[in-house]
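Comments concern the structure below.
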Amino acid sequence: VLGLLVSMLVLLVLSGAFLIKPLLAEEPPVVEETAGGPEAGRVASLTREERRQAIDELMWRLDHDLATGRIDADEHRRLKERAEQAERAGRGKRAP
Amino acid sequence: VLLLLAQGAILVCVPVAAWAAFAGLAGGLNGSRNLAVSSGRGLLAGFALTALACAGLLKALLTDDFRIEYVADYSSTVQPLLYKFAAIWGGQGGSLLVWLFLIGLFAAITVWRSEPVPARMRPWLFAVQGVVMLFFAVLVAFVANPFVRLPAGHVPPDGMGLNPLLLNPWMIVHPPALLIGYAATTVPFAFAVAALASGRLDETWVRLARRWAMFTFTFLTLGIVLGAYWAYVELGWGGYWAWDPVENASLMPWLVLVAYLHSSIVQERRGMLKVWNVSMASLTFLLSIYGTFLTRSGIISSVHAFAKSSIGTWFAVFMALTALAVIALIVWRRRELRGSDSLGSFVSREAAVWASNILLVGTTVVIFFLTMLPVFSELWSGNQMTAEPIQFTRATRPWFLALVLLMGIGPLVAWRKMRPGRLARLLAPHLIAGVAFAGLLFLLGAREPWSLAFLGAVAFVVGGHAFDFVRAVRLRRAQRDDSLLSAVGSLMRHHRRRYGGYLVHIGVVVSLIGIAGSGPYTEEATFENLQPGESFSFAGYELTYEGFDGQRNPRYDALVGHVTVVRPGGSEKAALRPERRLYRRTEQATTEVAVLSTVVPPSLGELARVGEDLYLIQAYLDNASGRASFQLIVHPFLNWLWLGSLLVIIGAHWAAWPSRQEVLLLFGEGVLSEQPVPARA
């Protein structure tokens with residue numbers, strides 16, 4: 001029983017110190033969240049070439065979806081415009 | 001020292017998990033980032049403590065420390081090392097500890113990878129995982145503690161060892177696979193509740209939870225399939241699925257998870273089905289808890305009845321409180337949960353996904369009702385009624401058939417709306433192929449209507465998927481001048497979500513060939529009182545009972561029959577060794593069946609035997625005279641079931657890890673989703 005109490009005490013002190021430490025720090029300022037979703041970080045890591053390839057793949061997929069009837073001509077046009085908008089947005093980005 | 005630390009760790013885990021839950025809750029309510037960080041640290045510390053506890057129990061098992069009651073109950077000095085290791089999930093306390101460890105592990109990974117999680121969602125995410133960890137920590141520490149010591153003087157020189165039915169290599173991997181699947185359901189559930197609590201109800205939580213949901217799907221599938229395979233090779237009744245309550249309890253969360261995986265795509269793409277998605281993620285989690293409740297409560301008898309205890313009440317209360325909390329949050333957030341769009345047309349991808357969800361949940365409800373029939377009937381009339389396996393099969397097969405047909409339609413339907421005539425033209429060739437295939441099987445002698453319907457549906461699904469894939473490859477080759485192989489490779493590489501999903505669908509229908517092809521066409525016979533040297537034939541197989549030998553193992557005595565078999569149309573002899581074992585310590589008898597699978601048939605004329613199993617059970621063997629009786633079962637096509645399951649797992653893994661480019665393609669820039677494309681400076 002004594003051994004168990006000592007082991008619990010040691011673990012409790014270690015865990016407690018680990019948990020309390022962040023509470024002693026100053027509260028960081030609130031950062032406004034932006035749109036972009038969880039993939040934003042991964043997307044930002046794409047090189048310019050990878051980005052171009054990605055847009056190419058998307059364009060191919062939209063053509064394929066149009067050909068197989070998954071999307072109609074209106075949807076195809078709308079999505080292509082969005083893809084081009086994304087491509088234009090990406091052009092200004094400096095490649096890592 | 002390790003044992004003392006392990007015992008202490010599990011007790012300390014309770015306040016640590018309570019702190020993780022409390023700090024997360026407080027951080028979520030007052031927006032404190034420091035409290036969120038502290039909550040995350042609580043989960044990390046909880047994980048470290050449970051890892052320590054697992055290490056202590058493993059050491060006790062591996063070193064035969066029979067002072068610990070759990071070790072004395074589930075291990076023994078003669079138990080092989082691998083089974084001593086597996087004994088950690090062989091009993092209640094150990095399996096709950098492993099579950100707690102896995103919850104801690106997955107929580108630690110979410111803390112470690114929490115950077116993409118919106119700041120106001122993060123504390124809630126940690127709080128939910130803290131609550132689940134607290135529940136399991138309380139159970140392990142105070143209700144089913146695997147570290148309870150036997151009083152001095154009551155320590156046995158040797159342990160009882162694992163239940164002989166569990167001494168099968170597949171049992172080493174089946175329980176952990178299922179436990180990983182069950183424990184992983186906590187993460188999508190935590191994201192769903194965090195989204196509800198924080199009010200961040202857009203597609204973000206669905207995208208963050210997606211990989212976890214796929215991971216859960218992979219392991220639940222693996223756990224279910226391995227369990228079925230274990231039942232097939234170990235239980236010796238000739239089947240793989242008996243609609244046992246605990247089998248059903250693993251199938252139900254799987255079905256609801258499949259519904260969620262499909263409906264979440266609609267939220268990602270169209271911002272719809274928000275209430276449905278949080279409900280499905282929560283229901284998957286609740287049903288994983290329900291499985292344990294069924295196993296442990298003893299409310300319904302099952303082949304897993306060895307695990308019976310009073311712990312079921314704890315699970316029932318936890319399930320009820322969790323369900324109430326989720327319902328309350330949904331009601332509270334009902335305005336924000338309104339979808340961004342309504343179902344525009346009934347001929348659209350959204351409608352197909354919606355229909356598949358209704359069918360999946362409907363199937364789950366049917367299975368739930370039949371599983372709980374003994375309880376419901378007793379409450380209603382005082383008499384306990386039990387649904388027979390055939391009743392489960394009859395009640396669920398129309399639902400499954402509709403689902404398979406929808407699987408063939410869904411991927412070909414357009415988003416938003418599609419002209420019915422166009423869809424009909426697209427589907428007509430595959431529908432004709434399906435009917436023609438069923439007709440061909442009928443001409444070849446297949447007569448069971450449901451089997452024909454399912455196999456026709458299989459051809460319909462394969463046709464649709466193959467047509468679409470071939471068309472994609474052709475378009476790619478025409479536009480890019482690629483070789484066939486590189487076109488296929490680049491399609492699979494760049495569009496992993498779509499074609500990984502196709503592979504899962506193909507895996508499901510390949511499995512269906514095994515199920516629909518074997519069930520009604522199984523042949524069975526018993527050959528009694530055979531003398532050594534006597535030959536007999538069955539379903540084209542030529543068999544000879546050569547004799548037997550008795551074997552003495554440290555744990556059991558066995559009578560091993562020696563049977564040689566020549567496959568239909570073949571000349572090579574194969575040896576089969578069906579056994580009956582008697583475990584000395586528990587005086588429990590088990591049957592070890594012998595299975596002869598046909599992968600490549602001996603001749604082209606026997607092509608229909610690809611995937612067939614000859615299943616041989618030693619029904620009786622007289623030690624003195626050597627006379628023996630054998631039960632033989634031929635399962636046509638059965639191995640297609642295992643092959644299909646493998647494809648499902650590979651496909652799910654493939655779809656779960658899209659390339660960086662695909663992430664950008666689909667949603668990173670919001671091109672395909674409803675949210676605006678973010679501007680970049």
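Throughout, a chain's letter reflects where its sequence line sits, starting with A, and its residues are numbered from 1. Values reported hereafter were calculated over all heavy atoms of this structure, with side chains retained and with hydrogens, waters and symmetry mates removed.
Heavy-atom distances place both the backbone and the side chain of B/Leu475 under 4.5 Å from chain A. For B/Leu3, no part lies near chain A; criterion is any non-hydrogen pair under 4.5 Å. In this structure, chain A has a heavy atom under 4.5 Å from the side chain of B/Arg422, while its backbone stays farther away. For B/Arg349, the part lying under 4.5 angstrom from a heavy atom of chain A is the side chain only. No part of B/Leu423 comes within reach of chain A, as not one of its non-hydrogen atoms sits under 4.5 angstrom from that chain. For A/Leu2, no part lies under 4.5 angstrom from a heavy atom of chain B. Heavy atoms closer than 4.5 Å to chain A are found in the side chain of B/Gln479, but not in its backbone.
With sequence neighbours left out, the salt bridge (charged side-chain N to carboxylate O under 4.0 Å, His left out) criterion links A/Arg77 to A/Asp74. Qualifying ring pair (Phe, Tyr, Trp, His ring centres under 6.0 Å) partners for B/Tyr502, counting only residues two or more places apart in sequence or in other chains: B/His465, B/Tyr499.
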B/Arg122/B/Glu115 under salt bridge (charged side-chain N to carboxylate O under 4.0 Å, His left out): CA gap, chis, key distance, verdict:
CA-CA 9 Å; B/Arg122 218 175 289 166; B/Glu115 198 204 346; over 6 Å; no
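Each of A/Asp63, A/Thr68, A/Leu24, A/Val6 has some count of heavy-atom pairs under 4.5 Å with chain B, and the biggest count is that of A/Thr68. The candidate from A/Leu14, A/Leu23, A/Leu12 with the greatest count of non-hydrogen atom pairs under 4.5 Å with chain B is A/Leu23.
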